[in-house]
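In this chain, residues are counted from 1 in sequence order.
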Amino acid sequence: MSTLRVRRSAAAVAAVAVLPFALAACSDSGKDSASGSESTSQAPAAPDSPSADSSADTAMSGPFGPACASVPKEGSGSFGGMAKDPVATAASNNPALSTLVAAVKKAGLVDTLNNAENITVFAPTNDAFAKIPQADLDKVLNDKATLTKILTYHVVGQKLTPKQLENGTFDTLEKSTITTKGSGESYTVNDTSKVVCGNVPTANATVYIVDTVLMPK
């Protein structure tokens with residue numbers, strides 16, 4: 001019996017002696033755990049959350065502008081459909097560009113535009129051509145040399161991003177230059193023609209649909 005009491009007393013003393021260390025260890029472990037969980041929870045926030053610039057870039061990665069709303073959601077005339085076709089073919093599927101397409105055919109430029117690589121086309125809408133007096137428009141449409149000069153003035157030999165349009169001067173296939181200004185979703189070409197639906201991809205070109213026909217200087 002006395003031996004048993006001695007053993008129990010010794011066990012109790014040992015437990016009391018060990019308890020502070022156990023508590024300290026738990027406390028340290030809790031701190032480590034909390035600290036670990038804090039750094040884990042903060043880690044995803046630390047990598048750059050999208051900045052205003054990157055958000056703007058993402059927003060501008062697709063077509064923009066008020067006239068884009070009239071583009072069909074499906075089919076060959078939709079943005080997805082146009083992206084699969086070379087630029088002259090893509091334009092022919094957009095009813096708002098029918099006058100431009102007719103002019104391109106009259107000038108014999110369909111193959112030239114479709115076979116070009118990495119170009120930008122500033123494409124006047126039907127309403128843009130309607131601003132030209134009918135007699136003058138008919139005259140131009142029946143003068144292949146003049147028509148070719150005007151149409152190639154709307155083509156730049158590189159793909160242009162919206163960022164490049166903010167304050168740019170670019171050589172055209174007509175061999176003179178155009179200027180662009182603007183920001184966000186508002187751009188003008190030669191200070192007169194507004195981009196109404198921009199950054200439209202086709203298989204070989206980027207298209208900026210404009211509201212006024214550009215005239216070579």
Side-chain angles (χ1 to χ4, degrees), residues 63 65 67-68 70-72 75-161 164-165 168-180 187-217:
C68 292
S70 63
V71 174
S76 55
S78 66
F79 291 128
M82 291 177 72
K84 297 175 184 177
D85 291 323
V87 64
T89 303
S92 70
N93 294 321
N94 187 327
L97 300 177
S98 59
T99 305
L100 172 64
V101 171
V104 168
K105 288 179 179 177
K106 269 187 169 287
L109 292 173
V110 172
D111 289 341
T112 300
L113 294 177
N114 277 349
N115 293 327
E117 294 184 4
N118 299 322
I119 59 174
T120 293
V121 176
F122 292 93
T125 62
N126 296 343
D127 289 342
F129 281 99
K131 292 179 181 181
I132 301 172
Q134 190 61 47
D136 294 340
L137 180 58
D138 289 342
K139 185 177 179 180
V140 168
L141 290 175
N142 289 297
D143 181 343
K144 187 173 180 178
T146 301
L147 183 59
T148 299
K149 184 178 177 70
I150 292 172
L151 292 176
T152 53
Y153 184 64
H154 289 73
V155 183
V156 172
Q158 61 177 305
K159 283 189 177 182
L160 300 177
T161 65
Q164 289 174 285
L165 299 189
T169 300
F170 307 101
D171 293 329
T172 70
L173 295 194
E174 183 268 336
K175 304 300 184 189
S176 55
T177 61
I178 60 171
T179 60
T180 59
Y187 297 91
T188 57
V189 186
N190 288 354
D191 293 322
T192 57
S193 188
K194 294 180 181 178
V195 174
V196 293
C197 182
N199 207 30
V200 178
T202 72
N204 67 325
T206 299
V207 176
Y208 291 89
I209 299 174
V210 294
D211 69 354
T212 303
V213 177
L214 305 172
M215 292 297 179
K217 298 174 182 176

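- Across all non-hydrogen atoms, the minimal contact from N204 to A116 is ND2-O, 2.7 Å.
- The heavy-atom pair separating F170 from Q158 by the smallest distance is CD2-NE2, 4.0 Å.
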Show your working on side-chain contact (heavy atoms from CB on, under 4.5 Å) between T206 and N199 and close with a plain yes or no. CA-CA 6 Å; T206 299; N199 207 30; 3.8 Å; yes
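- At least one side-chain heavy atom of I209 sits less than 4.5 Å from a side-chain heavy atom of N94.
- T179 and D191 form no side-chain donor-acceptor contact under 3.5 Å, judged by distance and modelled atom types alone.
- Distance check, rounded to the nearest 0.5 Å: CG of L97 to OG1 of T125 gives 7.5 Å.
- Residues L137 and Q134 are in side-chain contact: their nearest non-hydrogen atoms beyond the backbone lie under 4.5 Å apart.
- More than 12 heavy-atom neighbours from other residues, nucleotides or ligands sit within 6.0 angstrom of NZ on K159.
- Taking CG from N93 and OG1 from T202, the interatomic distance works out to 11.5 Å, rounded to the nearest 0.5 Å.
- Separation of atoms NZ (K149) and OG1 (T172) is listed at 8.5 Å; rounding is to 0.5 Å.
- At least one side-chain heavy atom of L151 sits under 4.5 Å from a side-chain heavy atom of L100.
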Derivation of the side-chain contact (heavy atoms from CB on, under 4.5 Å) call for K217 and T177: CA-CA 8 Å; K217 298 174 182 176; T177 61; 5.5 Å; no
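- Screening N115, V110, L109 against T112 for a side-chain contact (heavy atoms from CB on, under 4.5 Å) leaves a single residue, L109.
- Proximity of K175 to T152: side-chain heavy atoms (C-beta onward) are nowhere separated by under 4.5 Å.
- Using modelled atom types, one finds no donor on one side chain facing an acceptor on the other under 3.5 Å when comparing S76 with D85.
- Distance alone, capped at 3.5 Å, is enough to place a donor-acceptor pair between the S193 side chain and the T212 backbone.
- With values rounded to the nearest 0.5 angstrom, D171 atom CG is found 10.5 Å from E174 atom CD.
- The shortest side-chain heavy-atom distance between H154 and I178 does not fall under the 4.5 Å cut-off.
- D143 CG to D138 CG: the interatomic distance, rounded to the nearest 0.5 Å, is 12.5 Å.
- In this structure, K131 and D211 approach most closely via the heavy-atom pair NZ-O, 2.9 Å.
- A 4.5 Å side-chain heavy-atom check between T180 and Y208 finds every atom pair outside the cut-off.
- When all heavy atoms of L113 and V155 are compared, the closest pair comes out as CD2-CG2, 3.9 Å.
- The heavy-atom pair separating M215 from Y153 by the smallest distance is O-CE2, 3.5 Å.
- Nearest heavy atom pair, residue A128 against residue V210, reads CB-O, 4.0 Å.
- The CG atom of L165 lies 6.0 Å from the CG atom of L160; values are rounded to the nearest 0.5 Å.
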